[in-house]
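A short worksheet on the structure shown next.
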Amino acid sequence: MPPAGLRPWPSPLGTKGSVLDAGPVAAPSAHLRPQTAVGWLVAPAMVIALYAALLFAPREATMGDVQRIFYFHVPNAWVAFLAFGVVFVASIQWLRTRRYWWDCLAVSAAEVGIMFTTIALVTGSIWAKPTWGTWWDWDPRLTTTLILWLIYVSYMMLRSVVENPAQRASLSAVVGIVGFVDVPIVFMSIRWWRTIHPVVITGDSINLAPTMIVTLVVCLIAFTIFFVHLLRLRLKLELQREEVYRLRELALYDE
Amino acid sequence: MENLTYLFAAFAVIWLAVLLYSFSIGARQKSLEREIEMLKTVLAEREDADPAE
């Protein structure tokens, strides 16, 4: 008799019953090819982004070279928002369809999003020290971003304590949907409240020199490509994990 | 000059985090691949031993 936590083990292939109902189909991770056009684009895109940020962009008059952190700090924050947007959509899709693929996508995007939010927080802090004279300030933008990071860390912690896969997917989907509310709050925080954080994009203009805008766009594209690549890798890992559960269940049923 | 130190620190953090995360995905993937192979072998051996099931 398999352990209570393992049975019934819902199929990652989209059926609501046992994995045995799915029949002899290919493992879900087999549908993801190891290398794609996006994978090949990552290295050249990152080299171009580095060149643009360090050499192409002009030296900022007031802050000096430390301003170049901005070209990687903003894209990291952007892909973090994108990742949490994927969690939001995938969580809704899980609750709507109960297909495990959506839960795998949600947890993969959440983990990648946490990684990029961490980088955005740390690089922002490194930029703040020479610019504001402090590593951290309880500014609305910084505070809401830290809350965002904590929400998705809690999302991962919740997943690690709930054993039943369907219950875990549903509970974390609720956190993934509700937690996304903080993303527009983070974005609008510098417009809604008094802040010391720079406001680069205002209602009708971007407060940057044209070459700086080009550099920022190049870095945004490079990091978006990198995000898609990382998400694919992480999703493959999650699907492999589901495959392990499926095989474990087959082994347990055969006993 | 001091500003360059901060710039270097920020870029080091970015690439270190990215590298560590990529290695972590790779290591977890390898471990799962090994487990999948092992489970497939166990199931195949069982089938060979009792083909009627």
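Lettering follows sequence order; numbering is per chain, from 1. Side-chain atoms are counted along with the backbone in the values below, which use heavy atoms only and exclude waters and symmetry mates.
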Tightest non-hydrogen contact, residues Leu237(A) and Gln29(B), listed as CD1-N, 3.3 Å
Does Met157(A) have more than 12 heavy atoms from other residues, nucleotides or ligands lying within 6.0 Å of its CE? no
Given a strict heavy-atom distance threshold of 4.5 Å, which part of Phe226(A) is in contact with chain B: side chain, backbone, both, or neither? side chain
Proximity breakdown for Met63(A) and chain B, heavy-atom pairs closer than 4.5 Å: backbone
Quick one: closest heavy-atom pair of Arg241(A) and Leu32(B), and the distance? N-CD1, 3.8 Å
Find the distance between CZ (Arg246(A)) and CD1 (Ile36(B)) and round it off to the nearest 0.5 Å. 8.5 Å
Run Leu230(A) and Val18(B) through side-chain contact (heavy atoms from CB on, under 4.5 Å) and show every step you take. CA-CA 10 Å; Leu230(A) 266 188; Val18(B) 162; 5.8 Å; no
Checking Phe8(B) against chain A: side chain, backbone, both or neither under 4.5 Å from a heavy atom? neither
Let me know if Glu111(A) has heavy atoms under 4.5 Å from chain B in its side chain, its backbone, both or neither. both
So, taking the atom named OG1 in Thr5(B) and the one named NZ in Lys129(A), what distance separates them when rounded to the nearest 0.5 Å? 13.0 Å
For a side-chain contact (heavy atoms from CB on, under 4.5 Å) check, start with the C-alpha distance between Leu54(A) and Leu7(B), then their side-chain angles and the critical distance, and finish with the verdict. CA-CA 10 Å; Leu54(A) 296 176; Leu7(B) 180 66; 4.1 Å; yes
Check each atom of Ile119(A) against the heavy atoms of chain B and say whether the ones under 4.5 Å are side chain, backbone, both or neither. side chain
Just do the side-chain contact (heavy atoms from CB on, under 4.5 Å) check on Tyr6(B) and Asp65(A) with the steps written out, would you? CA-CA 9 Å; Tyr6(B) 288 110; Asp65(A) 283 318; over 6 Å; no
Rounded to the nearest 0.5 Å, what separation is found between the OG atom of Ser24(B) and the CE atom of Met115(A)? 9.5 Å
Where Ile14(B) and Phe72(A) come nearest, the two heavy atoms and their spacing: CD1-CB, 3.5 Å
Determine whether Leu50(A) and Phe11(B) make a side-chain contact, defined as any pair of heavy atoms from C-beta on separated by less than 4.5 Å. yes
With rounding to the nearest 0.5 Å, note down the distance linking CZ in Arg234(A) to CZ in Arg28(B). 5.0 Å
What distance do Leu43(B) atom CG and Arg248(A) atom CZ have between them, rounded to the nearest 0.5 Å? 12.5 Å
Against chain B, label Val244(A) side chain, backbone, both or neither, depending on which of its atoms sit under 4.5 Å from a heavy atom there. both
